There are 4 protein chains.
Amino acid sequence: MSSTTPRKRLSREESQAQTRARLIDTARQLFVANGYGGTSIRDIADEAGYSQGAFYSNFASKEEVLLELLRGHMEAEAAQLSRLIDNEGRAPEQLLSELESWAATLNSDADWCMLSIELQLHANRSPTFAVEYRTVWDAHRAALGRVVGSLFATLGRTPPADPEQLAGAFMALTHGLALQRVAGRPDPSGRLILVFLRGLIASADSPQQQDG
Amino acid sequence: MSSTTPRKRLSREESQAQTRARLIDTARQLFVANGYGGTSIRDIADEAGYSQGAFYSNFASKEEVLLELLRGHMEAEAAQLSRLIDNEGRAPEQLLSELESWAATLNSDADWCMLSIELQLHANRSPTFAVEYRTVWDAHRAALGRVVGSLFATLGRTPPADPEQLAGAFMALTHGLALQRVAGRPDPSGRLILVFLRGLIASADSPQQQDG
Amino acid sequence: MSSTTPRKRLSREESQAQTRARLIDTARQLFVANGYGGTSIRDIADEAGYSQGAFYSNFASKEEVLLELLRGHMEAEAAQLSRLIDNEGRAPEQLLSELESWAATLNSDADWCMLSIELQLHANRSPTFAVEYRTVWDAHRAALGRVVGSLFATLGRTPPADPEQLAGAFMALTHGLALQRVAGRPDPSGRLILVFLRGLIASADSPQQQDG
Amino acid sequence: MSSTTPRKRLSREESQAQTRARLIDTARQLFVANGYGGTSIRDIADEAGYSQGAFYSNFASKEEVLLELLRGHMEAEAAQLSRLIDNEGRAPEQLLSELESWAATLNSDADWCMLSIELQLHANRSPTFAVEYRTVWDAHRAALGRVVGSLFATLGRTPPADPEQLAGAFMALTHGLALQRVAGRPDPSGRLILVFLRGLIASADSPQQQDG
DNA sequence: TATGAATGAGAGTTCATTCAT
DNA sequence: TATGAATGAACTCTCATTCAT
């Protein structure tokens, strides 16, 4: 925690943290590639260059790595959202163009999407995991809901449904499209998400001014 | 020996078909509940009330049941679609209300959706299965794409993206929302899908009046 | 048994005999190729073009086919021997040349040899089978022993060991060489067996005349 | 904790080596008794007093134990041969008497012989195993061939066939005789092998006196 | 006689996890 | 902390055999 050993090559704590980080990262790659059920602890340890024992020195079970990944996932999505939320108060055109570039990044986030699907699937099957997962998920959905709400507010329109539900629907769309990805075929995810977003805006009532 | 029990006794073929049907149905339920990887052939056979050997008398492998389910899935969705396609030539309001009642049925299709996700995940990991799967999937997407195309044609509007891609996006949305379902919470999937559909229609160019 | 139905295509008995014969022959081929343990009843039935049930209509168990093969094996070897035994009384040179052509046929008898090895191995493991097998084997060894004995008698020499034991050794040599056969490499079995036979003759004492 | 038991306690490496050795030895016994196909990994592990997992911690597959046994077999036979080869340069009578005592040991090698037969059978059926097996076999045959060659050279005679082929024939004879062994009956293998060897020597041309 | 679906035991193998080192 | 041999349960799949048809 405290950075009091800046000179030594790798303090014990740093070395341990590195082992842990490498195991987590390897686990993420393998879960994405082969699924949670399709990845064994031996796979993770071998691929990361450690023994199985090293895994158990750092995690109590396979599910615990998944929890760790959930935390990282949460942070990554929060960071993405905070970038969008900062755009509040900008002109509508600017906000839309920011959204556009955000949607473009989704294509490169295929891994996170697949991981998110694995997390959701596992939450649907493991009650203990579900508890942790719902908390993160609900928080994330609420945050994205606020972005959606403020987008419509900026445009001076009434959202066609509860912003949180719309946020959930956009996440659903993103994950569903990630599932459809086939190596070697172009991925239209980002573009399609924007098409749907523009549709929502177009269908929203604008009390003050007609269809501007 | 004598044919004195014409109603209850099953002929060999019937009995065999029944075994097969029960195994398939049990497999579907378990794949939905526990995932493909989380379901063992023991589970399926036990739950259906047969021996493991009975499973192997009917299917060459676990993947083959999945293929059988895929066929059933395809037929069910094709039937649904053909009902929608028959509506061609109706008035736009009628078509939309038909769509509305169709979307309402999606809520009860949660199982098919989860199965579809399992199928997609497995296709992403098993090249042999992928071949069969893509064929079915592409056909289905094309059919739904034609429904989408004819909807916009009926309304006299230009779809905001390739109808097939839109069809894929709606399927993605449906699957993504199914993934979010939590037992005990209300499921807004059907309603949200219609919200998005209306949005697309609203954002579509109509030849008569140009939308600025 | 009685040939009273010479006109009909295939009487019931003939048809059954044919099924049985085909199963036996297929079993022989598969035992030779894959071993007794490596051949399943399904393999035999499938390969012969029948159902597993057909197998059990003709044989009580897998071991029973092996017994059937043992009988066929015995007959085949008895036939071979009787040809050699008929040569008794001939001139020594003629006898040796007959033996030479017999040894040459061994190369084509690789299948019988491998079957013989399978039979021996199974006899070493199944006491019930061993009983039947030893009977056949002892009879065959005794018969071949008489041929060996009469060969030395014809040559006017004393065999360097008990003729029966020599017979067993020649069978051992034949089987051991069959085991060494590798597809694609020339098989010197026949020639080597003759080399050894000539060796025995050369080393045999001839009381009357020295080494002629 | 304290090192107060210096003799009995096994270090990790020792304990691991012991496990491996016990598994190998048990496998050898069972392969000999029941054949390769007739021996399951469960059998080996149970008989050795370990779990099946322990087997897989030490060997990748059932075939790998067979390879390990092959190596042991090879070393044992190489050691035997080197003892014979050291006898080069001795007087012919001495060499023959050495051979005689060597042949006597063959009787006690019944297990190795049966194992050798299992190895050969498995090599005939498993291409991957065949590769390893042929290498060892060819080397062994070549070594024994040199012993045979030097024996004839010592005796000043021309061998009646290629020494390597004669070596192969002697191995075939040994294996074939091992196959004939029946518990409770005396085993004349060693004596018969010497009878055949003397026969070969008797039939060999000797430069001094031409053998008609 | 012949069928082949169904059985139940057992095959080889993998896995998450434990524990002495 | 990290090791990896060892465990025991579970996995997919094959087998000889039974039995209703």
Side-chain angles (χ1 to χ4, degrees), chain A residues 12-13 15-17 19-20 23 37-46 50-63, chain B residues 1 9-20 23 37-45 49-63, chain C residues 12-13 15-17 19-20 23 37-46 50-63, chain D residues 1 9-20 23 37-45 49-63:
Chain A
R12 186 172 304 193
E13 281 177 11
S15 160
Q16 182 180 346
T19 302
R20 190 180 171 85
L23 285 168
T39 302
S40 74
I41 286 175
R42 181 171 277 134
D43 290 342
I44 299 171
D46 284 0
Y50 294 93
S51 66
Q52 296 180 73
F55 181 95
Y56 282 97
S57 292
N58 282 279
F59 307 97
S61 69
K62 197 164 75 153
E63 204 171 61
Chain B
M1 309 244 171
R9 180 134 318 196
L10 294 176
S11 79
R12 188 164 9 164
E13 279 179 13
E14 282 167 341
S15 153
Q16 173 183 341
Q18 192 187 64
T19 302
R20 191 181 171 86
L23 285 168
T39 303
S40 74
I41 286 172
R42 252 184 193 79
D43 292 342
I44 299 172
Y50 294 93
S51 66
Q52 293 183 68
F55 180 94
Y56 283 99
S57 289
N58 282 280
F59 307 98
S61 68
K62 197 164 74 154
E63 206 169 63
Chain C
R12 186 170 307 192
E13 280 177 10
S15 159
Q16 183 181 345
T19 302
R20 190 180 170 84
L23 285 168
T39 301
S40 75
I41 286 174
R42 180 171 278 134
D43 289 342
I44 298 171
D46 284 1
Y50 295 94
S51 66
Q52 295 179 73
F55 181 94
Y56 281 98
S57 292
N58 282 280
F59 307 97
S61 68
K62 197 163 76 154
E63 203 171 63
Chain D
M1 305 246 173
R9 181 137 315 200
L10 294 176
S11 79
R12 185 153 27 153
E13 278 178 14
E14 281 167 342
S15 153
Q16 172 182 343
Q18 192 187 62
T19 302
R20 190 180 171 88
L23 286 168
T39 302
S40 74
I41 286 173
R42 258 180 190 77
D43 292 341
I44 299 171
Y50 295 93
S51 67
Q52 293 183 68
F55 180 94
Y56 282 99
S57 289
N58 281 281
F59 308 98
S61 67
K62 197 163 76 152
E63 206 169 64

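A quick note: this is a predicted structure, and the numbers were derived from the prediction, not measured. Proteins get letters first, then strands, A, B, ... in listed order; numbering begins at 1 in each.
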Problem - Base-pairing string, 5' to 3', of DNA chain F - Watson-Crick or wobble, under 3.5 Å, | interstrand - result: .||||||||||||||||||||
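Phe59(B) has its CZ atom 13 Å from the P atom of dC13(F), to the nearest Å. Here the C1' atom of nucleotide dC15(F) and the CD atom of Glu63(C) are 16 Å apart, to the nearest Å. Rounded to an integer number of Å, the gap from CG of Asp46(C) to P of dC15(F) is 10 Å. Atom CD in Gln18(B) sits about 20 Å away from atom P in dG4(E), given to the nearest Å. One interatomic measurement links the two molecules: OH of Tyr56(A) to P of dA16(E), which rounds to 7 Å at whole-angstrom precision.
Qualifying side chain to side chain contact (heavy atoms under 4.5 Å, CB included) partners for Asn58(D), counting only residues two or more places apart in sequence or in other chains: Thr19(D), Arg20(D), Leu23(D). Legend: residues meeting side chain to side chain contact (heavy atoms under 4.5 Å, CB included) with Ser40(D), ordered by chain and number and at least two apart, are Arg42(D), Asp43(D). Qualifying side chain to side chain contact (heavy atoms under 4.5 Å, CB included) partners for Ser51(A), counting only residues two or more places apart in sequence or in other chains: Ala54(A). Here Phe59(C) pairs with Phe55(C) under the ring-ring contact (aromatic ring centres under 6.0 Å, His included) rule; sequence neighbours left out.
Atom CD1 of residue Ile44(B) and atom CD of residue Gln52(B) lie 10.0 Å apart, to the nearest 0.5 angstrom. Separating the CD atom in Gln18(D) from the CD atom in Gln16(D) is a distance of 11.5 Å, to the nearest 0.5 Å.
For the pair Ile41(B)/Tyr56(B), a side-chain contact is recorded, criterion being any heavy-atom separation below 4.5 Å from C-beta on.
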Completion exercise
Going 5' to 3' through nucleotides 5-11 of chain E and flagging B where a protein heavy-atom sits under 4.0 Å of the base, S where only the sugar-phosphate is that close, and - otherwise, we get SBBB--B
